[in-house]
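Basis for what follows: all heavy atoms, side chains included, without hydrogens, waters or symmetry-related copies.
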Amino acid sequence: SAGSWYARPDPMKDTSQERVTPGCDPGSRTAAAASRVFADGERAEAYVRILATRGVERGLIGPREVPRLWERHLLNSVAVSSLISAGVSVVDVGSGAGLPGIPLAVARPDLRITLLEPLLRRATFLYEVTAELGLDDRVTVIRGRAEDCRDRFEVVTARAVAPLARLLGWTRQLFLPDGALLALKGASAADEVRAARTELGRLGVRAQLLSVRADPDADPTTVVVVSG
């Protein structure tokens, strides 16, 4: 059964109060979605500006991704918010440019988030960004590898880090036996679950393939949920 990490989306959530989000076409579905998902729109936009400038300059974001940062990166990342209960601890493994950890921290100030990143230049970027966005009170940056970390978390997130079988090998001690891994995946998700059957069986866990959205106007995000 689902553990305390799992939260079902609230169908009664009030989305009537919308605000045009700067940086998006005001008439677009993406702008409407972003205005509902990110109550702190100024902080979210500041992060987008950092990704579009320093993120590109440091090779963390491809230049072609800049026009679709909101839809493909921020909204895609925060879609997993509906699967995370209030006030839990989250570690974002291989955080890179801060995706999905930083969008989650902006959208969900109740979460205690750790950004775990082994590469110095990326970890340095994360230190700078979290300080600049004023997220120091709820976001911790650690330079290190997942397999070397001995802390326990209720939720592990990973986006474009590694195939599922390898990811499980790196992260199992971070969330088992009572937590969950939320792996944001693309078209290969089903194939990765099949390829990880041996590792899943060895660990005594199950993998569930879900399609979730940050907002009805946002594109779906494919998530592999691994739990005991």
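- Of the inter-residue distances, the one linking Leu182 atom CG with Thr221 atom OG1 reads 11.5 Å to the nearest 0.5 angstrom.
- Within a 6.0 Å radius of CZ in Arg64, other residues, nucleotides and ligands contribute 12 heavy atoms or fewer.
- Rounded to the nearest 0.5 angstrom, Arg143 CZ and Ser95 OG are separated by 14.5 Å.
- A distance of 11.5 Å separates CD1 of Ile142 from CG of Leu126, quoted to the nearest 0.5 Å.
- Judged by distance alone, the side chain of Ser28 and the main-chain N or O of Ala31 form a donor-acceptor pair under 3.5 Å.
- No donor-acceptor pair closer than 3.5 Å links the side chain of Glu199 to the backbone N or O of Ala165.
- Residues passing the salt bridge (Lys or Arg N to Asp or Glu O under 4.0 Å) test with Glu65 are Arg68, Arg72, sequence neighbours excluded.
- Arg108 places a side-chain N or O within 3.5 Å of a backbone atom of Ile84 that can act as its donor or acceptor partner.
- For Arg138, the CZ atom counts as densely surrounded, since its 6.0 Å shell holds more than 12 non-hydrogen atoms of other residues, nucleotides or ligands.
- In this structure, the side chain of Arg213 does not engage the main chain of Leu75 through any donor-acceptor pair within 3.5 Å.
- Side-chain atoms of Leu111 and Val88, non-hydrogen and from C-beta on, do get closer than 4.5 Å to each other.
- Considering OG of Ser89 and CZ of Arg112, their distance stands at 5.0 Å, rounded to 0.5 Å.
- Using a 4.5 Å heavy-atom cutoff, the side chains of Asp151 and Val91 are not in contact.
- Using a 4.5 Å heavy-atom threshold, the side chains of Ile50 and Glu132 count as touching.
- A heavy-atom distance below 4.5 Å is found between the side chains of Arg36 and Asp217.
- Taken to the nearest 0.5 Å, the CZ atom of Arg49 stands 10.0 Å off from the CZ atom of Arg54.
- In this structure, Val226 and Phe175 have side chains that are in contact, with non-hydrogen atoms separated by less than 4.5 Å.
- Within the 4.5 Å cutoff, the side chain of Asp219 has no heavy atoms near those of the Asn76 side chain.
- Nearest heavy atom pair, residue Pro103 against residue Val78, reads O-CG2, 3.9 Å.
- Note that the CZ atom of Arg152 and the CG atom of Leu174 stand 8.5 Å from one another [nearest 0.5 Å].
- Side-chain contact between Val205 and Leu181: absent, with no pair of heavy atoms (C-beta onward) separated by less than 4.5 Å.
- Between the side chain of Asp92 and the backbone N or O of Leu115 there is no donor-acceptor pair closer than 3.5 Å.
- Val156 has its side chain out of reach of Trp170: every pair of non-hydrogen atoms, C-beta onward, lies at least 4.5 Å apart.
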